[in-house]
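Throughout, numbering of the chain's residues begins at 1 and tracks the sequence. Both backbone and side-chain heavy atoms feed into the values below; hydrogens, waters and symmetry mates do not. Here the structure is a predicted model, which is why all the values come from computation and not from measurement.
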Amino acid sequence: MASAFIAKFEASFMALSSLALFAIMIIVTIDVVMRYVFNQPLEWAYDVISLYLMVSVFFFALSDTLHDHGHVSIDVLIKFMPGWLRHGGETLGYAIATFAFALVTLQAVDRMSESYRLDEMLASAYNWETWPAYLPVVLGTALLTVRSLYRTIGHLWSIFAKGPMVELPPLPDVSE
């Protein structure tokens with residue numbers, strides 16, 4: 001139930017990530033046409049893409065990727081480990097990740113607040129506020145922290161329970 005609740009936010013964030021990626025494709029296409037056909041490039045395109053959209057694509061997709069076990073993992077010995085030991089390893093890994101991403105989230109909140117307070121602007125042809133660029137970092141890492149905390153608790157509980165309380169990553173496919 002908790003996982004499904006978190007997954008609703010992850011799906012929303014993934015939709016925002018997809019929307020940002022689509023916006024990048026549209027802006028780049030328009031910029032190329034304007035640049036090479038009309039010799040009038042979009043001067044703001046690089047700033048908007050690099051400052052806001054790329055950050056959104058990456059950070060809004062983090063937690064959903066973790067939910068789908070899409071991040072890189074080391075799985076050489078997993079098939080030889082009993083379930084309780086796998087859950088123990090996952091507990092340790094997710095506990096460390098939860099702590100690390102909580103720190104990243106707090107640092108991003110601090111940096112966004114400071115940027116807003118100082119009214120920081122990007123040094124370019126246009127005065128782009130920099131604090132909105134931190135918002136996807138804050139939201140994305142906060143959701144990743146929540147998903148990681150959920151998995152930490154679930155794997156810890158699974159060590160002592162009669163069955164898994166949270167899903168384990170799939171075993172590697174070695175059929176090749």
Side-chain angles (χ1 to χ4, degrees), residues 1-28 45 47-75 78 83 86-118 120 122 128-161 163-173:
M1 184 158 117
S3 181
F5 180 73
I6 298 167
K8 289 182 188 213
F9 284 99
E10 290 168 336
S12 299
F13 280 23
M14 190 55 109
L16 290 173
S17 177
S18 299
L19 189 61
L21 185 60
F22 181 72
I24 290 170
M25 291 187 314
I26 295 299
I27 291 169
V28 167
D47 293 337
V48 169
I49 290 170
S50 64
L51 185 63
Y52 305 117
L53 296 176
M54 286 301 291
V55 174
S56 297
V57 167
F58 180 80
F59 283 97
F60 283 150
L62 276 177
S63 189
D64 188 65
T65 304
L66 179 66
H67 177 72
D68 293 336
H69 301 286
H71 290 284
V72 174
S73 63
I74 301 170
D75 54 13
I78 285 182
R86 284 185 69 196
H87 284 293
E90 295 290 333
T91 300
L92 179 62
Y94 280 118
I96 293 168
T98 300
F99 178 74
F101 283 110
L103 290 178
V104 170
T105 302
L106 291 173
Q107 182 65 35
V109 167
D110 183 56
R111 187 65 195 101
M112 183 177 72
S113 301
E114 190 73 5
S115 177
Y116 180 80
R117 187 179 67 77
L118 295 174
E120 291 178 348
L122 184 65
W128 299 105
E129 297 267 354
T130 58
W131 73 265
Y134 294 103
L135 190 58
V137 179
V138 169
L139 296 175
T141 57
L143 187 58
L144 182 63
T145 302
V146 170
R147 171 60 70 188
S148 188
L149 178 62
Y150 166 78
R151 290 243 174 110
T152 301
I153 294 166
H155 286 297
L156 181 62
W157 190 6
S158 296
I159 295 170
F160 305 104
M165 304 309 291
V166 67
E167 72 281 354
L168 282 165
L171 289 171
D173 181 20

Legend entry - Residue pair Arg147 / Ser3, side-chain heavy-atom distance below 4.5 Å: yes
Legend entry - Value rounded to 0.5 Å, distance of CD1 in Ile26 from CG in Leu53: 12.0 Å
Legend entry - NZ/NE/NH1/NH2 to OD/OE distance under 4.0 Å, Glu114 and Arg111: no
Inset, instruction - Report yes or no: does Ser158 contribute a side-chain atom to a donor-acceptor pair with the main-chain N or O of Pro164 at less than 3.5 Å? - result: no
Inset, instruction - Name the orientation class of the two ring planes belonging to His155 and His87 (parallel below 30°, tilted from 30 to 60°, perpendicular beyond 60°). - result: tilted
Inset, instruction - Keeping the roles fixed (side chain from Ser18, backbone from Met14), state whether a donor-acceptor pair exists under 3.5 Å. - result: yes
Legend entry - Arg151 side chain vs Glu167 backbone, donor-acceptor pair below 3.5 Å: no
Legend entry - Tyr150 atom OH, over 12 foreign heavy atoms within 6.0 Å: yes
Inset, instruction - Could you grab the distance from atom CZ of Phe101 to atom CG of Leu144, nearest 0.5 Å is fine? - result: 4.5 Å
Legend entry - Gap separating the CG atom of Leu51 from the OH atom of Tyr134, nearest 0.5 angstrom: 8.5 Å
Legend entry - Main-chain N/O of Glu120 paired with Ser115 side-chain donor or acceptor, under 3.5 Å: no
Legend entry - Met112 CE: over 12 foreign heavy atoms closer than 6.0 Å: yes
Legend entry - Separation of Thr141 OG1 from Leu62 CG (nearest 0.5 Å): 8.0 Å
Legend entry - CA sep, side-chain torsions, deciding dist, call: Phe59, Leu139, side chain to side chain contact (heavy atoms under 4.5 Å, CB included): CA-CA 8 Å; Phe59 283 97; Leu139 296 175; over 6 Å; no
Legend entry - N/O donor-acceptor pair under 3.5 Å between Ser148 side chain and Tyr94 backbone: yes
Inset, instruction - Could you tell me the separation between the CG atom of Leu149 and the CD1 atom of Ile153, rounded to the nearest 0.5 Å? - result: 4.0 Å
